[in-house]
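Throughout, numbering of the chain's residues begins at 1 and tracks the sequence.
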Amino acid sequence: MKIGILSQDANLYSTRRLREACQQRGHEAVIINALRCYMNINSVQPSIHFEGTDLIGFDAIIPRIGSDITFYGCAVLRQFEMMDVFSVNQSIAISRSRDKLRSLQLLSRQGVGMPITGFASKPDDVLDLIKMVSGAPLVIKLLEGTQGIGVVLAETQKAAESVIEAFMGLKAHIMVQEYIEEAGGADIRCFVIGDKVIASMKRQAAEGEFRSNLHRGGSASLVRITPEERKTAIAAAKAMGLSVAGVDLLRSKRGPLIMEVNSSPGLEGIEAATGKDIAGMIIDYIEKNAGKSRRHLQNQ
């Protein structure tokens, strides 16, 4: 098969591993920078061009779209979808997962466990907003933040009021969440492919830090998840419509709580922690499903 990898950097670990996994299985891997693509949008023969060349003959696409290019990256992916190219994750599912507020609302609608979350736009809502999530300590998050950036732990009522008012003064979109103290600065990343959790790892925050992101100095280790955690992770990915996802959850007194569903989960940390060939499993998923998708389209 000819498989395109939508990525801005061919040297990133995840991109390299996916290319290697393609080649090891005898497939052609083409790395495509979405920002350098341009499209011919028409109802007869839609096409995508890259450096003067028409991108044709692709059997599947693996979207590795950075959060900073979600809008254009998803537009390019939609164009591939219009050309009947199988995508590991659909553009609409990626758009859903990138909108933190929308994704939480979708999870809530599906009855998936998550921290109590509040959202508001005006400073005079602050006191009731804080009360809504059971008061301080609480977590304040920028909706556009990634990798732990724009996430603040407010340990007192006054600190919470000050941070929320400061963010609102900058016209930033924020949400506030209850702080799950019993999680102990740790979360669990479940890697979902299809309808299975194929790997999981525990991420522990560095000393003096409450954010467990590996980019913030957190450490990763192998962890055994419970049947309830497995079921919750799969339900969260399904709620987003994602076939490949990194689902982050917290262990709480009332069961697993979803923090985030990532449509482009990194491979380095989880492959190192589990010793599993995650990239290869993604290619296996493409091999099993790309052909089915194409036969279905031909039979319509």
Nearest 0.5 angstrom please: [X] [atom1] to [Y] [atom2], how far?
X: Leu104; Y: Glu260; atom1: CG; atom2: CD; answer: 9.0 Å
X: Ile164; Y: Leu127; atom1: CD1; atom2: CG; answer: 9.0 Å
X: Leu249; Y: Ile258; atom1: CG; atom2: CD1; answer: 5.0 Å
X: Met281; Y: Glu271; atom1: CE; atom2: CD; answer: 9.0 Å
X: Ile116; Y: Tyr179; atom1: CD1; atom2: OH; answer: 15.5 Å
X: Glu181; Y: Ser252; atom1: CD; atom2: OG; answer: 12.5 Å

Tell me whether Arg17 is salt-bridged to Asp277, with the criterion being a basic N under 4.0 Å from an acidic carboxylate O.
yes

Check your understanding: Are Glu178 and Arg254 ion-paired here, with the side-chain N under 4.0 Å from a carboxylate O?
Key ->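 Looking at Glu178 and Arg254, the cut-off is met.
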
Is there a path of hydrophobic side-chain contacts, each under 4.5 Å between heavy atoms, that joins [X] and [Y]?
X: Ile69; Y: Leu55; result: yes
X: Leu107; Y: Ile92; result: no
X: Met114; Y: Val261; result: yes
X: Val244; Y: Ile278; result: yes
X: Tyr285; Y: Met1; result: yes

Would you name the heavy atoms of [X] and [Y] that are closest together and state the gap between them?
X: Arg98; Y: Ser67; value: NH1-CA, 3.5 Å
X: Glu81; Y: Ser87; value: OE2-CB, 4.3 Å
X: Ala34; Y: Tyr72; value: O-CE2, 3.2 Å
X: Leu250; Y: Ile180; value: CD1-CG1, 3.7 Å
X: Ala136; Y: Ile130; value: N-CG2, 4.3 Å
X: Met82; Y: Asn42; value: CE-O, 4.5 Å

Minimum side-chain heavy-atom gap [X]-[Y] below 4.5 Å:
X: Phe167; Y: Val152; value: yes
X: Ser221; Y: Gln204; value: no
X: Glu287; Y: His27; value: yes
X: Asn289; Y: Val88; value: no
X: Met39; Y: Pro46; value: no

Does [X] reach the main-chain N or O of [Y] with its side chain, forming a donor-acceptor pair under 3.5 Å?
X: Ser200; Y: Val223; result: yes
X: Arg96; Y: Met240; result: yes
X: Lys2; Y: Ile56; result: yes
X: Arg16; Y: Asn11; result: yes
X: Gln79; Y: Ser47; result: yes

Query raised in the report: side chain to side chain contact (heavy atoms under 4.5 Å, CB included) between Leu267 and Leu18: does it pass, once the steps are laid out?
Result: CA-CA 9 Å; Leu267 304 184; Leu18 288 165; 4.1 Å; yes

Name the orientation class of the two ring planes belonging to Tyr38 and His49 (parallel below 30°, tilted from 30 to 60°, perpendicular beyond 60°). parallel

Practice prompt. Assess whether side chain to side chain contact (heavy atoms under 4.5 Å, CB included) is satisfied between Asp9 and Thr15, documenting all intermediate values.
Written response: CA-CA 7 Å; Asp9 188 349; Thr15 305; 5.8 Å; no

In this structure, are over 12 heavy atoms from other groups packed under 6.0 Å from [X] atom [atom1]?
X: Lys141; atom1: NZ; result: yes
X: Gln23; atom1: CD; result: yes
X: Gln45; atom1: CD; result: no
X: Lys238; atom1: NZ; result: no

message = Going by side-chain contact (heavy atoms from CB on, under 4.5 Å), Phe58 matches just one of Val30, Asp84, Ile3. Which one?
response =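 It is Val30; the other options fail the test.
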
Query raised in the report: Looking at Val247, Val197, Ile188, Ile234, which hits side-chain contact (heavy atoms from CB on, under 4.5 Å) with Glu229?
Result: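 That would be Ile188.
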
request  = Please list, chain by chain and in numerical order, all residues satisfying side chain to side chain contact (heavy atoms under 4.5 Å, CB included) with Ala120, sequence neighbours excluded.
outcome  =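 Asp125, Leu129, Met168.
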
*Could you walk me through whether Asp248 and Arg203 pass side chain to side chain contact (heavy atoms under 4.5 Å, CB included), step by step?*
CA-CA 10 Å; Asp248 299 336; Arg203 301 186 301 187; 3.1 Å; yes

query: Do Gln157 and Glu161 pass the side chain to side chain contact (heavy atoms under 4.5 Å, CB included) test, and can you show the C-alpha distance, the side-chain angles, and the key distance before you say yes or no?
result: CA-CA 6 Å; Gln157 173 91 10; Glu161 291 177 30; 3.2 Å; yes

